[in-house]
Amino acid sequence: LSRTKLATKGAALLGTALKNHASVQAVTLERCSLGDSGIMQFAESLKGNGSLTLLSLKGNRCGSSGSKALASAVQSHPALASLDVSLCSM
């Protein structure tokens, strides 16, 4: 889904799908215009998925609220082995 303009609404929809499909292991959302609120929406969805091992959010702008939400979600997600937040302006 890289380089699609998901924004906040798309992140919320994808997060809901992620919660309902526990077999998903990798998600790449590079340069998807998620922004701070989109990152927050997606971080919330991580709490309902225990199988994700790779998440790339490279190139999405993320402020302090999104960074905190993502950090909290990652701490409670032991399966996540790879997280790419490069170029996220954190």
Side-chain angles (χ1 to χ4, degrees):
L1 296 172
S2 292
R3 296 182 186 256
T4 58
K5 302 288 184 194
L6 290 177
T8 302
K9 186 175 181 179
L13 292 171
L14 184 60
T16 300
L18 189 62
K19 284 182 183 180
N20 295 325
H21 294 87
S23 62
V24 175
Q25 295 182 341
V27 174
T28 303
L29 299 174
E30 297 178 357
R31 295 177 176 94
C32 288
S33 302
L34 295 182
D36 201 40
S37 57
I39 298 280
M40 290 173 61
Q41 290 282 338
F42 195 76
E44 184 64 31
S45 72
L46 289 178
K47 296 176 184 175
N49 176 292
S51 65
L52 195 68
T53 59
L54 180 142
L55 175 60
S56 178
L57 298 171
K58 180 179 179 178
N60 289 288
R61 293 188 179 160
C62 184
S64 61
S65 297
S67 297
K68 289 176 186 175
L70 188 58
S72 175
V74 168
Q75 287 179 335
S76 63
H77 199 290
L80 191 64
S82 177
L83 173 65
D84 185 356
V85 290
S86 59
L87 305 174
C88 283
S89 304
M90 296 180 129

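Computed from heavy atoms alone, side chains included, the values below leave out hydrogens, waters and symmetry copies. Along the sequence shown, residues carry numbers from 1.
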Please answer whether the main-chain N or O of [Y] pairs with a side-chain N or O of [X] as donor and acceptor at a distance below 3.5 Å.
{"X": "N60", "Y": "I39", "result": "no"}
{"X": "T53", "Y": "Q25", "result": "yes"}
{"X": "S72", "Y": "A69", "result": "no"}

Heavy-atom pair of closest approach, residues [X] and [Y]:
{"X": "A79", "Y": "G50", "answer": "CB-O, 3.1 Å"}
{"X": "G59", "Y": "C88", "answer": "N-SG, 3.9 Å"}
{"X": "S67", "Y": "C62", "answer": "N-SG, 3.3 Å"}

Check whether any side-chain heavy atom of [X] sits under 4.5 Å from a side-chain heavy atom of [Y], and report yes or no.
{"X": "L87", "Y": "R31", "value": "yes"}
{"X": "H77", "Y": "N49", "value": "yes"}
{"X": "L55", "Y": "L46", "value": "yes"}
{"X": "L54", "Y": "D84", "value": "no"}

Distance, nearest 0.5 Å, that separates [atom1] of [X] from [atom2] of [Y]:
{"X": "Q75", "Y": "L70", "atom1": "CD", "atom2": "CG", "answer": "10.0 Å"}
{"X": "F42", "Y": "L34", "atom1": "CZ", "atom2": "CG", "answer": "8.5 Å"}
{"X": "S65", "Y": "M40", "atom1": "OG", "atom2": "CE", "answer": "5.0 Å"}

